[in-house]
Amino acid sequence: MTEVAERRMRYRYTECGLDNVFIEGIEAGVDDDGDEVLYIPAVNALHKTIARGIVESETGITGQELRFLRTMMGLTQAELAKHVHHDAQSVARWEKNRTPIQPASEIVIRLLAVEKLNLGERGSVEQIAARCVPGKTRTDIVIDGSGPPGYRLAA
């Protein structure tokens, strides 16, 4: 990238496998051919912030989000299934949105993600259980990427 445009934009970040993630304040630049390019630094930190957004969401986890969290935790479907006392086929059905994630399993998945990904404060089990509301309208995960010290969930 030879020049950096002096504008920041809102970008739908589908590269993570989710269609509801937006980064606000991302830098747009121009490459050597004059094409606009986006600069997304510290992708691992960005993905950790997305995971936090999923865990803290006030709606049930979608299949795409479950796959994202499972992958971030470095678990296979079979390994995750053992943690939630189901079989790998159940996890596969959840990830394909064929069946809803059972609330008790979702609580364990959220707690596991907080622990394995070192997401910091998680709130009480009661607070996490209250967030596991299947069928509630999905909200966007909006990340503030406008500058140091890194990525933050936008309010």
Side-chain angles (χ1 to χ4, degrees), residues 8-28 37-155:
R8 295 189 177 264
M9 58 185 291
R10 180 180 174 125
Y11 176 68
R12 175 175 253 160
Y13 183 62
T14 57
E15 292 87 340
C16 65
L18 302 170
D19 58 9
N20 65 328
V21 175
F22 294 87
I23 307 171
E24 291 188 341
I26 193 165
E27 281 186 14
V37 294
L38 300 176
Y39 177 62
I40 302 176
V43 173
N44 289 338
L46 171 60
H47 284 197
K48 189 173 177 177
T49 305
I50 294 167
R52 183 177 296 112
I54 294 169
V55 168
E56 293 178 2
S57 171
E58 299 291 332
T59 63
I61 293 174
T62 67
Q64 285 180 327
E65 291 169 338
L66 176 60
R67 185 179 317 109
F68 179 87
L69 286 176
R70 179 180 59 75
T71 303
M72 284 286 296
M73 291 187 284
L75 298 174
T76 65
Q77 289 178 338
E79 290 167 336
L80 179 60
K82 285 181 184 179
H83 288 294
V84 295
H85 301 286
H86 283 275
D87 57 30
Q89 289 303 314
S90 294
V91 175
R93 285 190 293 272
W94 295 340
E95 288 184 358
K96 294 175 183 173
N97 289 316
R98 290 191 179 149
T99 58
I101 303 169
Q102 295 176 349
S105 295
E106 185 174 330
I107 293 166
V108 172
I109 291 165
R110 288 180 191 236
L111 291 170
L112 189 63
V114 168
E115 180 181 294
K116 283 195 163 288
L117 300 175
N118 196 22
L119 298 179
E121 293 297 314
R122 64 167 167 78
S124 69
V125 172
E126 184 178 13
Q127 290 168 325
I128 288 177
R131 294 181 187 136
C132 301
V133 182
K136 191 172 177 185
T137 304
R138 184 79 196 120
T139 58
D140 292 334
I141 298 170
V142 181
I143 309 291
D144 179 357
S146 61
Y151 297 104
R152 302 172 290 292
L153 291 172

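What you are looking at is a predicted structure, and each value in this text was computed from that prediction instead of being measured. All heavy atoms count here, side chains included; hydrogens, waters and symmetry mates do not.
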- [ ] For residues Val114 and Gly120, report the shortest heavy-atom separation together with the two atoms involved.
- [x] CG1-O, 3.4 Å
TODO: Give the minimum heavy-atom separation between Ile107 and Cys132, together with the two atoms involved.
DONE: CG1-SG, 3.7 Å
- [ ] Over all heavy atoms of both residues, which pair between Ala51 and Leu117 is shortest? Give the atoms and the distance, please.
- [x] CB-CD1, 3.8 Å
Open item on the list: On a heavy-atom basis, which atom in Leu66 and which in Ile61 lie closest, and how many Å separate them?
Closed with: N-CG2, 3.5 Å
TODO: Kindly say whether Gly63 contributes a backbone atom to a donor-acceptor pair with the side chain of Asn97 at under 3.5 angstrom?
DONE: yes
Task: Between CD1 on residue Ile101 and OG on residue Ser90, distance to nearest 0.5 Å - done: 11.0 Å
Task: Note, Thr49 side chain near Ile141 side chain (heavy atom, < 4.5 Å) - done: no
Task: salt bridge (Lys or Arg N to Asp or Glu O under 4.0 Å) pairs, two or more places apart, involving residues 40-63 - done: Glu58-Arg131
Task: Qualifying residues under side chain to side chain contact (heavy atoms under 4.5 Å, CB included), relative to Val108, sequence neighbours excluded - done: Val84
Open item on the list: Donor-acceptor check, side chain of Asn20 to backbone of Thr139, threshold 3.5 angstrom: yes or no?
Closed with: yes
Task: Side chain proximity check, Leu112 to Leu80, heavy atoms < 4.5 angstrom - done: yes
Open item on the list: Show me the pairs that pass salt bridge (Lys or Arg N to Asp or Glu O under 4.0 Å) and involve residues 9-26, at least two apart or across chains.
Closed with: Arg10-Glu24
Task: side-chain contact (heavy atoms from CB on, under 4.5 Å) evaluation trace for Ile40 with Leu46 - done: CA-CA 9 Å; Ile40 302 176; Leu46 171 60; 3.7 Å; yes
Open item on the list: Listing request: all ring pair (Phe, Tyr, Trp, His ring centres under 6.0 Å) pairs with a residue in residues 47-66, at least two apart in sequence or in separate chains.
Closed with: Tyr13-His47, His47-Phe68
TODO: To the nearest 0.5 Å, tell me how far Ile50 CD1 sits from Met72 CE.
DONE: 8.0 Å
Open item on the list: Do Ile26 and Tyr39 have side chains that approach each other closer than 4.5 Å (heavy atoms only, starting at C-beta)?
Closed with: no
Open item on the list: Please list all pairs meeting salt bridge (Lys or Arg N to Asp or Glu O under 4.0 Å) that have one or both residues in residues 107-119, counting only residues at least two apart or in different chains.
Closed with: Glu106-Arg110
TODO: Say whether, by atom type as modelled, one donor and one acceptor occur between the side chain of Asp87 and the main chain of Gln89 under 3.5 angstrom.
DONE: yes
Task: Where at least one partner belongs to residues 64-84, residue pairs that pass salt bridge (Lys or Arg N to Asp or Glu O under 4.0 Å), sequence neighbours excluded - done: Glu65-Arg138, Arg67-Glu95, Arg70-Glu95
- [ ] Would you please name every residue forming a side chain to side chain donor-acceptor pair (under 3.5 Å) with Asp144, sequence neighbours left out?
- [x] Ser146, Arg152
- [ ] Any chance you could lay out the side-chain contact (heavy atoms from CB on, under 4.5 Å) test for Ile143 and Phe22, step after step, and finish with the verdict?
- [x] CA-CA 6 Å; Ile143 309 291; Phe22 294 87; over 6 Å; no
Task: NE2-CZ distance between His86 and Arg93, expressed to the nearest 0.5 angstrom - done: 10.0 Å
Open item on the list: Once side chain to side chain contact (heavy atoms under 4.5 Å, CB included) is applied, do any residues pair with Ala45, and if so which ones, sequence neighbours excluded?
Closed with: Ala42, Tyr151
Task: Residues in side chain to side chain contact (heavy atoms under 4.5 Å, CB included) contact with Ala88, at least two apart in sequence or another chain - done: Gln77, Ala78
Task: Euclidean distance, Thr62 OG1 relative to Ile54 CD1, rounded to 0.5 Å - done: 7.0 Å
TODO: Write down the atom of Val55, the atom of Ala113, and the distance for their closest heavy-atom approach.
DONE: CG2-CB, 3.9 Å
